[in-house]
Amino acid sequence: MSDVELKPVIEIEKLNLVFQTADTPVHALSDIDLTVNAGDFVSFIGPSGCGKTTLMRVIADLEKPTGGHISVNGMTPEEARQKRAYGYVFQAPALYPWRTVEKNIMLPLEIMGLSREEQKARAARNLAMVNLEGFEKKFPWQLSGGMQQRVSIARALSVEPDLLLMDEPFGALDEITRDHLNEQLLKLWDTTKKTVIFVTHSIPEAVFLSSKIVVMSPRPGKVIDIIESNLPRDRTLDIRETPEFLEISHRVREGLRSGHSYDD
Amino acid sequence: MTEHAETSKLGLWRRLYDGKSFPVFVVVLSLLILWYAGAVYMNSDRLIDQYERGKVEWSWQQLIEDAWSMERPILPAPQQIVVELRKTVLEKKITSKRSLVYHSYVTISSTLVGFALGALLGILLAVGIVHLETLDRSLMPWIIASQTVPILAIAPMIIVVLGHIGLTGLVPKAIISMYLCFFPITIGMVKGLRSPDVLQLDLMKTYSASAAQVFWKLRMPASIPFLFASLKVAIAISLVGAIVAELPTGAVEGLGARLLAGSYYGQTIQIWSALVAASVLGMLLVWAVTITEKLVLGRTGREAV
Ligand SMILES: Nc1ncnc2c1ncn2[C@@H]1O[C@H](COP(=O)(O)OP(=O)(O)OP(=O)(O)O)[C@@H](O)[C@H]1O
Ligand SMILES: [Mg+2]
């Protein structure tokens, strides 16, 4: 890798976040240290409630940390958000029910003030990307949960951000669609040199997609292992049978096991 | 031939039985029976009095017939109201002071003006309350207080004050309508504008959308079903407001004026026909709002709240 590619996009040092709830404070993030470089594909993996979504929301400036330092593109997360530095795919589709599929995808583009033709072109292109051509005029309630999630992915992609934040985007999909979208995403990442941060519960998915895997553990949410993957960027699904792949999977599994507590 | 008639007759019964018509028919029938019985019961005292003073022989049949056809009954029979309605709705020219259509028109004008003003005021207040914390805290108590004042007490004062500055006729009535009907619209609209969930709002935040964009692209469309739910309540209240406003003004026009005149002269049949006219108007108005709602929401396939 050249020096240019090692430009840090996200730098996190000693980041802490405590939620003040009615009864006890929840220490959602504890002393997180993490650097994401331009062009990285970083996966967060860890048991439910370990703070993956919270960390992603801090990066997106949807949650304020209570301690530590974080910068996005060399700015504060707030400045980065105001510059529309990222596209965010939420854990739930969050479509607007009064808008058609096409109009939902056009929403961010309307806000950005793009021309009508450009909006339509991008909507069509990204709908095709998630295999939903022909569903432009449907309303969200006419789609299955997985289809809705794919629309929300198309919506985030249509912004064409350099940084993509994806919170369990493929959680609601069947295995085959998931494989297909994994390949599509990987191709997109390889050709556009985007930086992707990706949350998943699936070890094979994390290993297949990522150049860097962040293993987290709960209570308090912290990073217990960061695994750099040396798999080639232009990988295909067959790579899942190789010894290198299995070796990385094993290390992720070990990390998850060590961080897992069974006391509650 | 007969067989065909038989099946279609059976089909009719089935349709009646399965559909809404049958239960509605039964309810209407029971109400009518109760009403006719009530008319006999309520009016019989005065009739028997009359018979005894006039020393006339009377039979039950005579009593019932008379009870259903008195000129100023305590409770008129339904057919008397129908006759009165036919006389005042169909047989009078609609510009005549005796035409119920004319009086309905007068009342409905101030209802609609009051409703439009109330909707405007209600929506503006809601927008302010949702966007400005201070308005929420400073205005809300006043808005609620305004609704605890009995309208019958405040209506004459509004009319006197407005009359003093030269506003008479439709305007004061419309203002009283507005005063009554903005409240459910404010409440419904505040709820509607606040209905988007955290995720829908976060999405706007990730696009770094302006407050105006959040309003027009998220809060406003999300509030539409709530708006229509409160408009349905408001338009009925608006009609009540217009009628109530006609009572203390000594108005000579409008359904309220008909009610008042009827009660001065003991014209119960006139009162009842005005009431029937008012409830028909009320139903038509709510129906019009419902149709508009269907047209607006139907396009997006959304259901009413
Ligand atoms: N707004 C909030 N207020 C209080 N506590 C919160 C809030 N959001 C999250 N938490 C707590 O912070 C912790 C981390 O939550 P988070 O949503 O980040 O988990 P996660 O790793 O994304 O889990 P999952 O895999 O189930 O999505 C949890 O214990 C949760 O209860
Ligand atoms: Mg989560």
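Here the structure is a predicted model, which means the values were calculated and not measured. In what follows, every chain begins at residue 1, and chains take the letters A, B, ... in the order their sequences are listed.
Between A:Lys120 and A:Glu102 there is a salt bridge, since at least one side-chain N of the basic residue sits less than 4.0 Å from a carboxylate O of the acidic one. Ion pairing between a basic and an acidic side chain is recognised when a charged N comes within 4.0 Å of a carboxylate O; A:Glu118 and A:Arg122 show such pairing. Between A:Glu136 and A:Lys103 there is no salt bridge, since none of the side-chain N atoms of the basic residue sits less than 4.0 Å from a carboxylate O of the acidic one.
For a residue to count as touching a neighbouring chain, one of its non-hydrogen atoms must lie under 4.5 Å from one of that chain's; by this rule A:Ala156 does not touch chain B. Neither the backbone nor the side chain of A:Ala60 has a heavy atom closer than 4.5 Å to any heavy atom of chain B. Only the backbone of A:Leu95 comes within less than 4.5 Å of a heavy atom of chain B; no side-chain atom from C-beta onward does.
Taking the six-membered ring for Trp and the full ring otherwise, the centers of A:Phe41 and A:Phe198 sit less than 6.0 Å from each other.
The shortest distance between side-chain heavy atoms of A:Phe44 and A:Leu34 falls below 4.5 Å. Looking at B:Phe228 and B:Ser230, their side chains never come closer than 4.5 Å, going by heavy atoms from C-beta outward.
Screening residues 157-169 of chain A for side-chain hydrogen bond (donor to acceptor under 3.5 Å, both in side chains) gives A:Thr53-A:Asp167, A:Gln91-A:Glu168, A:Arg125-A:Glu160, A:Glu168-A:His201 as the qualifying pairs, with residues at least two apart or on separate chains.
Between chain B and the residues A:Arg155, A:Met112, A:Gln142, A:Arg57, the largest count of heavy-atom pairs under 4.5 Å involves A:Arg155.
Along residues 203-218 of chain B, the residues that come nearer than 4.5 angstrom to chain A, judged on non-hydrogen atoms, are B:Leu203, B:Met204, B:Lys205, B:Thr206, B:Tyr207, B:Ser208, B:Ala209, B:Gln213, B:Lys217, B:Leu218 in order of number.
Smallest separation of non-hydrogen atoms from A:Val72 and A:Leu163: CG1-CD2, 4.2 Å.
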